[in-house]
Participant: 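I have a structure I would like to understand better, so I am pasting it below and will then ask my questions one at a time.
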4 protein chains.
Amino acid sequence: MTNLKPPTTRRDRQIQRKRQEILAAASEVFAQKGYAAATTKDIANAADLGESTLYNYFESKRDILLAILEENHALLDTVFQMTQGLANRDALIELFDRSLEIFSGRIPFIRTILAEAWVDNDVLNTYVVTRLKQASRLIEDFIENQVSAGVFRPIDPALGSRLALGMFFSLVLPALRGVEAPPSPAQRRAWAESVVSFLLDGIRTR
Amino acid sequence: MTNLKPPTTRRDRQIQRKRQEILAAASEVFAQKGYAAATTKDIANAADLGESTLYNYFESKRDILLAILEENHALLDTVFQMTQGLANRDALIELFDRSLEIFSGRIPFIRTILAEAWVDNDVLNTYVVTRLKQASRLIEDFIENQVSAGVFRPIDPALGSRLALGMFFSLVLPALRGVEAPPSPAQRRAWAESVVSFLLDGIRTR
Amino acid sequence: MTNLKPPTTRRDRQIQRKRQEILAAASEVFAQKGYAAATTKDIANAADLGESTLYNYFESKRDILLAILEENHALLDTVFQMTQGLANRDALIELFDRSLEIFSGRIPFIRTILAEAWVDNDVLNTYVVTRLKQASRLIEDFIENQVSAGVFRPIDPALGSRLALGMFFSLVLPALRGVEAPPSPAQRRAWAESVVSFLLDGIRTR
Amino acid sequence: MTNLKPPTTRRDRQIQRKRQEILAAASEVFAQKGYAAATTKDIANAADLGESTLYNYFESKRDILLAILEENHALLDTVFQMTQGLANRDALIELFDRSLEIFSGRIPFIRTILAEAWVDNDVLNTYVVTRLKQASRLIEDFIENQVSAGVFRPIDPALGSRLALGMFFSLVLPALRGVEAPPSPAQRRAWAESVVSFLLDGIRTR
DNA sequence: AATGAATGAGTTTTCATTCAT
DNA sequence: AATGAATGAAAACTCATTCAT
């Protein structure tokens with residue numbers, strides 16, 4: 001009846017959409033050249049906009065980077081909300097599979113984050129270390145439980161978790177870097193099963 | 001007695017020494033900020049030289065980067081010359097241990113290489129992919145032999161190698177990135193043994 | 001009535017105008033100091049612009065020079081289109097007169113071209129030698145015709161042409177160099193007549 | 001008997017010789033690239049010396065240029081001392097011939113002077129205008145005399161002189177610029193005769 | 001909302017010159 | 001006397017950002 005509007009007006013949504021477009025374009029550019037070597041001109045070209053138009057949506061070049069980081073930070077929460085249990089072999093496989101999927105679907109964003117985390121401690125801590133700790137905690141808990149239950153040998157959970165994460169990254173890194181196509185769903189599944197098998201059973205015959 | 005001179009005169013050596021100093025300083029700077037964000041002023045300050053003096057030793061900023069890459073490329077050959085055999089468990093452990101040691105001793109250089117390889121395809125191919133393929137080939141051969149001998153289950157050697165490399169990098173990466181101290185010799189040995197144990201035996205009780 | 005637009009939009013024309021302004025300012029500077037000694041700062045000051053603004057219109061300092069050369073190369077075509085015939089004494093006078101006029105009206109440009117041609121073989125060949133050959137050919141043909149017709153003594157046309165060009169330059173050079181005011185129309189006419197008279201009749205009484 | 005030495009000791013002469021070598025090398029470089037674009041490194045290389053060694057013989061780069069100018073200024077005096085009379089046709093021919101010879105023998109020096117005079121008023125006035133005026137005066141006097149004697153038509157001596165100088169330069173300029181070999185003695189003689197013939201008789205049949 | 005034009009601050013690089021040996 | 005090494009000053013050029021429209 002009145003002029004009360006929902007919190008997002010059409011215009012707000014329009015602005016949000018444009019911001020998304022810019023972020024997508026920018027993360028492509030950042031992924032290719034790295035943040036420092038990318039110019040605002042590059043970003044504007046990729047977004048098919050005038051250079052100065054960027055400044056109607058973001059305060060600065062760095063602000064664009066930070067928005068990319070924030071956006072994906074929020075998104076990655078979904079992985080961890082999903083993975084409460086991690087009770088058995090199948091849950092492990094599922095976790096690997098799902099994680100591979102998420103990484104595969106956000107390649108330019110994640111590539112950008114990793115590049116920046118490599119040189120910026122704030123970015124590293126806020127956007128990467130936090131996440132890795134979450135993941136690690138999950139895996140460590142699983143390992144501890146299995147050790148307690150006598151299923152696993154008495155290994156150091158922190159080390160086990162670290163190695164598991166290393167295996168995971170060895171699978172996604174080539175695609176992130178752009179030297180390999182992102183894995184198909186079937187490939188992801190196969191990898192997940194193999195990794196869990198290696199991890200649990202080792203590779204020696206018994 | 002003789003007047004024979006070594007092929008390098010004192011001056012040549014002096015120049016080489018200065019170049020080394022600049023490279024060391026530059027790799028610190030590149031490691032901290034990344035190549036693109038590092039300025040020649042940064043490098044000059046780190047090397048305690050005037051900015052223009054750099055150009056008496058290198059043709060350009062990029063030439064400094066390339067010299068860093070070249071120098072370490074040569075060095076890393078040592079790892080592979082060492083690892084002909086890889087016949088048994090102990091050889092595997094030794095390889096891991098030695099590799100960890102080399103990485104730990106060249107942190108700023110390797111950090112610089114990896115950062116640049118992340119955005120530059122030439123650098124990636126020339127200085128990283130080549131090396132990873134060498135390493136991978138070594139591990140694959142080992143796996144194939146073990147499978148043939150019935151010691152290993154019939155796994156995909158390429159995947160096994162990839163996962164093994166992932167485990168290796170999970171151990172050195174924090175130190176490379178500067179969030180962890182480089183491992184002590186004892187730590188390296190312990191890691192090497194654990195990794196090989198995981199790899200061969202898995203983590204489940206038998 | 002129609003919406004037909006000329007191929008050049010207002011903006012295109014605006015850009016062209018600015019480019020012209022910069023070229024005019026730059027040719028003044030180049031004429032005064034020579035290309036190598038002129039700085040982009042000098043040019044920017046002469047054009048009343050910030051130094052970096054130059055680079056919105058030209059790719060490099062050298063690009064500015066080349067634009068000056070190109071522009072005047074095109075212009076000088078007019079002299080030669082005019083001078084098809086060169087049949088008689090009056091046509092000769094007209095050619096001298098018109099040539100003096102064109103040179104007088106483009107002093108900084110031509111001074112710049114000559115200075116650069118003095119040290120750059122490409123510029124010499126592309127922008128000067130070509131033109132001189134055209135002019136020379138014209139004069140040689142005239143001489144040959146006159147010799148055939150028995151009007152001229154049997155002299156070497158190439159030498160005659162060369163000397164005629166030398167006389168021409170002896171008249172414009174001081175103005176080009178800036179040590180003499182450009183000739184007035186009356187002065188040009190008088191020079192043209194004198195030169196032709198000398199050339200044809202010599203200076204001895206008969 | 002005593003230790004009285006001539007004003008130039010052996011060492012002085014040694015220094016003078018080295019200075020001459022440097023000047024010769026420098027004028028080659030200046031002739032090729034122009035003063036502004038030539039670097040002290042270029043000069044040192046051409047003189048086969050270390051860059052800093054130049055400064056034992058000259059105070060600055062500009063000082064080298066000035067020495068080149070001075071040296072040749074002195075030399076050119078010889079032309080004018082020779083040409084007192086200029087009484088008749090043969091004297092004119094002799095003057096042209098001798099002048100061509102001198103120019104041909106000092107090409108890099110003169111090329112350097114002309115290039116610098118093109119952009120530097122001091123150099124122009126001190127080293128070029130002065131000389132041209134001397135030459136011009138000589139020719140003007142000759143013309144005036146011939147006019148008085150009724151040999152020449154009553155022409156403007158200044159203009160006649162100017163055109164004569166123009167003819168002269170049309171002959172030496174290509175060699176100065178390096179696009180033509182310097183004229184042989186025979187060539188010089190032939191040119192001198194032709195020019196005088198043109199000048200005096202014109203090119204029309206009588 | 002979009003952008004062309006302009007630019008200050010800074011970047012890489014050059015180069016004449018100095019100085020210790 | 002000769003020069004290698006070092007460098008301050010300045011050059012060409014880049015780029016994120018502002019602003020008027």
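Below, each value reflects all heavy atoms present in this structure, side chains not excepted, and no hydrogens, waters or symmetry copies. What you see is a predicted model; the values in this text were computed from it and never measured. Convention: sequence-line order gives letters A, B, ...; per-chain numbering from 1.
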Participant: For D:Ala25, enumerate each residue passing the side chain to side chain contact (heavy atoms under 4.5 Å, CB included) test, keeping only those at least two apart in sequence or located in another chain.
Facilitator: D:Ala46, D:Ala47
Participant: Quick one: side-chain hydrogen bond (donor to acceptor under 3.5 Å, both in side chains) partners of D:Asn72, sequence neighbours excluded?
Facilitator: D:Arg106
Participant: Rounding to a whole Å, what distance do you find between D:Lys61:NZ and E:dT14:C1'?
Facilitator: 11 Å
Participant: Show me, range against range, the stems involving DNA chain F, built from at least 3 consecutive Watson-Crick or G-U pairs below 3.5 Å.
Facilitator: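 So far as stems of 3 or more pairs are concerned, DNA chain F shows E:2-21 with F:2-21.
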Participant: Quick one: label C:Leu54 by what it contacts on the DNA or RNA (base, sugar-phosphate, nothing), any heavy atom closer than 4.0 Å.
Facilitator: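 No contact at all - C:Leu54 keeps every heavy atom at 4.0 Å or more from the nucleic acid.
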Participant: Return the set of residues passing side chain to side chain contact (heavy atoms under 4.5 Å, CB included) with D:Thr126 (not counting sequence neighbours), or none when no residue passes.
Facilitator: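 Side chain to side chain contact (heavy atoms under 4.5 Å, CB included) list for D:Thr126, sorted by chain: empty.
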Participant: Both A:Gln14 and B:Thr53 contact DNA chain E. Which one's nearest nucleotide lies toward the 5' end?
Facilitator: A:Gln14
Participant: Which part of the nucleic acid, if any, lies within reach of B:Phe58 when heavy atoms closer than 4.0 Å are counted: base, sugar-phosphate only, or nothing?
Facilitator: nothing
Participant: Classify C:Ile15 by what it touches in the nucleic acid, base, sugar-phosphate, or nothing, heavy-atom distance under 4.0 Å.
Facilitator: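 Result for C:Ile15 = sugar-phosphate.
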Participant: Quick one: ring pair (Phe, Tyr, Trp, His ring centres under 6.0 Å) partners of A:Tyr127, sequence neighbours excluded?
Facilitator: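 Ring pair (Phe, Tyr, Trp, His ring centres under 6.0 Å) list for A:Tyr127, sorted by chain: A:His73.
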Participant: For B:Glu71, give me all partners under side-chain hydrogen bond (donor to acceptor under 3.5 Å, both in side chains), at least two apart in sequence or on another chain.
Facilitator: B:Gln20
Participant: Looking just at side-chain N and O atoms, do C:Arg177 and D:Asn121 make a donor-acceptor pair shorter than 3.5 Å?
Facilitator: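 Yes, D:Asn121 and C:Arg177 have a side-chain donor paired with an acceptor closer than 3.5 Å.
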Participant: Go through the structure and list residues passing side chain to side chain contact (heavy atoms under 4.5 Å, CB included) with B:Tyr55, not counting sequence neighbours.
Facilitator: B:Thr40
Participant: For D:Glu21, give me all partners under side-chain hydrogen bond (donor to acceptor under 3.5 Å, both in side chains), at least two apart in sequence or on another chain.
Facilitator: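 If we apply the side-chain hydrogen bond (donor to acceptor under 3.5 Å, both in side chains) test to D:Glu21, skipping adjacent residues, there are no hits.
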Participant: Anything under 4.0 Å to a heavy atom of chain C counts; send over the first and last such nucleotide of DNA chain F, read 5' to 3'.
Facilitator: F:dA11 to F:dC15
Participant: Here's a test of your reading of the structure: between C:Ser60 and B:Gly50, which maps to the more 5' nucleotide of DNA chain F?
Facilitator: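 Per heavy-atom nearest nucleotide, the more 5' residue is B:Gly50.
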Participant: Expected output is a numbered-order residue list: members of residues 19-47 of chain C with a heavy atom under 4.0 Å from any atom of DNA chain F. What is it?
Facilitator: C:Ala38, C:Thr39, C:Thr40
Participant: Kindly write out the residues that satisfy side-chain hydrogen bond (donor to acceptor under 3.5 Å, both in side chains) with D:Lys33, not counting sequence neighbours, or none if the list is empty.
Facilitator: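 In terms of side-chain hydrogen bond (donor to acceptor under 3.5 Å, both in side chains), with neighbours along the sequence ignored, D:Lys33 is linked to D:Asp42.
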Participant: Expressed in angstrom and rounded to an integer, what is the separation of C:Glu51 atom CD from E:dG8 atom P?
Facilitator: 10 Å
Participant: Ignoring hydrogens and geometry, is there a side-chain-to-backbone donor-acceptor pair from C:Trp118 to C:Ile113 under 3.5 Å?
Facilitator: no
Participant: Enumerate, atom names and distances included, each donor-acceptor pair closer than 3.5 Å involving a side-chain atom of residues 58-68 of chain C, sequence neighbours excluded.
Facilitator:
residue : atom : partner  : partner atom : Å
C:Ser60 : OG   : C:Asp63  : N            : 3.1
C:Lys61 : NZ   : C:Tyr35  : O            : 3.0
C:Lys61 : NZ   : C:Ala38  : O            : 2.8
C:Arg62 : NH2  : C:Glu116 : OE2          : 2.6
C:Asp63 : OD2  : C:Glu59  : N            : 3.1

